[in-house]
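A short write-up of the structure that comes next.
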Amino acid sequence: MSKRLSPQLQHNITEDAYCETHLEPTRLFCDVDQITLCSKCFQSQEHKHHMVCGIQEAAENYRKLFQEILNTSREKLEAAKSILTDEQERMAMIQEEEQNFKKMIESEYSMRLRLLNEECEQNLQRQQECISDLNLRETLLNQAIKLATELEEMFQEMLQRLGRVGRENMEKLKESEARASEQVRSLLKLIVELEKKCGEGTLALLKNAKYSLERSKSLLLEHLEPAHITDLSLCHIRGLSSMFRVLQTVYGASHKHREDV
């Protein structure tokens, strides 16, 4: 028949501060099994090779570790908040930037098309009296129409690429914002738990201390980086200048034909 502590003795001993098996105060802590021990438990084979120290010492060691993680968590929280704010600002900026690039592309297209038409008209006027070959004149007109069509296709491609890259950038920023927001929430929750843990008494602090410590460390290992987005200026298509060189080559050929005639 197992012995029980008298009501008076139970009143004088803090809950869980005594060993129910040996009816002795538990002044030791087994770090392996995360339990308090009395002197007789410590002498048993079960804990013979385990790391055991005094309860107060164990509590202070864990309190120190929790405080270090708490400080690191606060620093990491500020970094996560900064990234979250930056990503939200970049989401607004990239929308404005995309609209500005769209206007620039449309403006450049209008300018290029006007220059192309002026170049065609001027060359045709200069050579109108000299070109007796109607086939050559028709060729020049067809070439001008072809170049105008190619110009429009190139700028349409630029606008499509701009829209596609803009959507991809926005998706990356939204995903990054979601990750940063989740980390902020997790760190805020962790900080509350750690602050509570650091303020607890010896026995309460040691309860599940190792598990709490490992869980806290795993959260701090999560690495957060801003989204890597594509520069919208890369949507510009090279080759517009070469298009005008083609036009000059065509009219140069017509000029040579005129001289030969």
Spacing of [X] atom [atom1] and [Y] atom [atom2] [to the nearest 0.5 Å]:
X	Y	atom1	atom2	result
I69	L194	CD1	CG	6.5 Å
L37	E24	CG	CD	11.5 Å
T230	L162	OG1	CG	11.5 Å

| request: Share the residues that join L224 in a hydrophobic cluster, the rule being Ile, Leu, Val, Met, Phe, Trp or Tyr side chains under 4.5 Å apart at the heavy-atom level. | output: I83

| query | Please walk me through it: do E222 and R179 pass side chain to side chain contact (heavy atoms under 4.5 Å, CB included)? | reply | CA-CA 10 Å; E222 295 179 6; R179 288 193 299 269; over 6 Å; no

| task | Go through K217 and L221 one step at a time and tell me if the side chain to side chain contact (heavy atoms under 4.5 Å, CB included) criterion holds. | result | CA-CA 6 Å; K217 286 182 177 179; L221 289 175; 5.5 Å; no

| said: Do R90 and S176 make a side-chain contact, defined as non-hydrogen atoms from C-beta onward lying under 4.5 Å apart? | reply: no

| field | Test item: K196 and E200 side chains (from C-beta on) under 4.5 Å apart, heavy atoms | value |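 The answer is yes; the side chains approach within 4.5 Å.
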
Check [X] against [Y] and note the closest heavy-atom contact, atom names and distance.
X	Y	result
K197	K207	NZ-O, 2.8 Å
G201	R63	C-NH2, 4.4 Å
Q67	R74	NE2-NH1, 4.3 Å
A209	F66	O-CZ, 3.5 Å
L205	A59	CD2-O, 3.5 Å
S73	L187	O-CD2, 4.3 Å

| message | For a side chain to side chain contact (heavy atoms under 4.5 Å, CB included) check, start with the C-alpha distance between D31 and N61, then their side-chain angles and the critical distance, and finish with the verdict. | response | CA-CA 11 Å; D31 196 62; N61 288 339; over 6 Å; no

| said: Looking at S181 and E177, would you say the former's side chain and the latter's main chain have a donor-acceptor pair under 3.5 Å? | reply: no

| query | Are the side chain of S82 and the backbone of E78 linked by a donor-acceptor contact shorter than 3.5 Å? | reply | no

Result block: side-chain N/O donor-acceptor pairs under 3.5 angstrom for residues 96-106, not counting sequence neighbours:
{"residue": "N100", "atom": "ND2", "partner": "E96", "partner atom": "O", "Å": "3.3"}

| task | Please lay out, stage by stage, how R215 and E193 fare under the test salt bridge (Lys or Arg N to Asp or Glu O under 4.0 Å). | result | CA-CA 11 Å; R215 186 168 60 85; E193 292 176 358; 2.8 Å; yes

| message | For the CZ atom on R27, are there more than 12 heavy atoms of other groups (residues, nucleotides or ligands in this structure) within a distance under 6.0 Å? | response | no

| field | Other residues, nucleotides, ligands: >12 heavy atoms within 6.0 Å of K210 NZ | value | yes

| said: Please tell me whether I229 and M93 are part of a single hydrophobic cluster in this structure, the criterion being side-chain heavy atoms less than 4.5 Å apart. | reply: no

| said: With a 4.0 Å cut-off on N to O distance, would you call E157 and R161 a salt bridge? | reply: yes

| query | What do the steps show when you test K146 against T149 for side chain to side chain contact (heavy atoms under 4.5 Å, CB included), and what is the final call? | reply | CA-CA 5 Å; K146 180 182 177 182; T149 302; 5.7 Å; no

| Would you say the side chains of S110 and R114 form a donor-acceptor pair under 3.5 Å? | no

